[in-house]
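What follows is a single structure, written as structure tokens, with notes after it.
Atoms considered below: every heavy atom in the structure, side chains included; atoms not considered: hydrogens, waters and symmetry mates.
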Amino acid sequence: MSKDFSRTQRVSQQLQKELAMILQRDVRDSRLGMVTISEVKVSRDLAVAKVYVTFLCTGEQTPESCLKALKEHEAHVRMMLGKKIRLRLTPEVRFVYDDTLVEGMRMSNLVTQAVSDDMRKKEQSQGDDE
């Protein structure tokens with residue numbers, strides 16, 4: 001009987017749930033906007049967890065400043081995680097900014113712009129033919 005998910009996948013899913021709760025309830029920092037955890041990748045030995053995050057920044061906040069503020073809380077988050085999850089070794093938490101959403105929106109805008117440019121050129125060429 002094969003397993004549907006490997007142990008690292010199950011641990012990363014559980015870490016994502018617990019980290020989301022910790023960031024929502026326990027981390028109080030005005031420099032952070034709304035933090036969303038998009039993915040957690042755990043190393044094979046379960047020693048390191050890369051946490052991919054996105055931010056909803058308001059005012060003067062930038063993703064870089066939010067990430068810097070979040071990195072200052074890495075040790076505290078790891079301690080809270082160790083209390084909530086039962087593992088032999090609590091993984092080292094490393095926050096990484098996930099720019100896939102921003103990059104996807106940029107690509108979508110480029111495609112929309114290219115389509116509208118083509119439509120405009122097509123209309124101009126039809127107008128010139130008349």
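In this structure the side chain of L89 never reaches within 4.5 angstrom of the side chain of D45, judged on heavy atoms. Inter-residue side-chain proximity for R7 and L46 is flagged as met; some heavy-atom pair is nearer than 4.5 Å. Proximity of H76 to M79: side-chain heavy atoms (C-beta onward) are separated by under 4.5 Å at one or more points.
Of the inter-residue distances, the one linking R94 atom CZ with E74 atom CD reads 8.5 Å to the nearest 0.5 angstrom. Atom CE of M80 sits about 3.5 Å away from atom CG of D26, to the nearest 0.5 Å. A distance of 9.5 Å separates CD in Q14 from CG in L81, rounded to the nearest 0.5 Å. In this structure, the separation between CD on E39 and CD1 on I37 is 11.5 Å, given to the nearest 0.5 Å. Separation of atoms NZ (K17) and OG (S12) is listed at 10.5 Å; rounding is to 0.5 Å.
Using a distance-only test at 3.5 Å, with no hydrogens or angles considered, no donor-acceptor pair links the side chain of S108 to the main chain of G104. No side-chain donor-acceptor contact under 3.5 Å links R86 to the backbone of K83. Side chain of T90 to main chain of R78: no donor-acceptor pair is present (N/O by atom type, distance under 3.5 Å, no hydrogens or angles).
Between D117 and R120, at least one side-chain nitrogen of the basic residue sits less than 4.0 Å from a carboxylate oxygen of the acidic one, meeting the salt-bridge criterion.
Taking every heavy atom of both residues into account, Q113 and S116 meet most closely at O-OG, 2.9 Å. Shortest non-hydrogen contact noted between T8 and S43 is CG2-O, 3.9 Å. Between P63 and F55, the shortest heavy-atom distance links the atoms O-CE1, 3.7 Å.
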For this session: Take V51 and L15 through the test side-chain contact (heavy atoms from CB on, under 4.5 Å) and record every step on the way to the result.
Result: CA-CA 9 Å; V51 182; L15 287 176; over 6 Å; no
Problem set entry | Residues L19, V77; criterion side-chain contact (heavy atoms from CB on, under 4.5 Å); working and verdict | CA-CA 8 Å; L19 285 168; V77 168; 3.3 Å; yes
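Placement of V48 and I85 in two distinct hydrophobic clusters is found when ILVMFWY residues are connected by side-chain heavy-atom separations under 4.5 Å, directly or transitively. When hydrophobic clusters are built by joining Ile, Leu, Val, Met, Phe, Trp and Tyr residues whose side-chain heavy atoms come closer than 4.5 Å, directly or via intermediates, M21 is not grouped with F95.
Here L110 is tied into one hydrophobic group with M107, each link being a pair of ILVMFWY side chains closer than 4.5 Å. Side-chain heavy-atom separations under 4.5 angstrom define the hydrophobic clusters, and the remaining members of the one that includes Y52 are V96.
Looking at T100, D98, T54 one by one, the single match for side chain to side chain donor-acceptor pair (under 3.5 Å) with S38 turns out to be D98.
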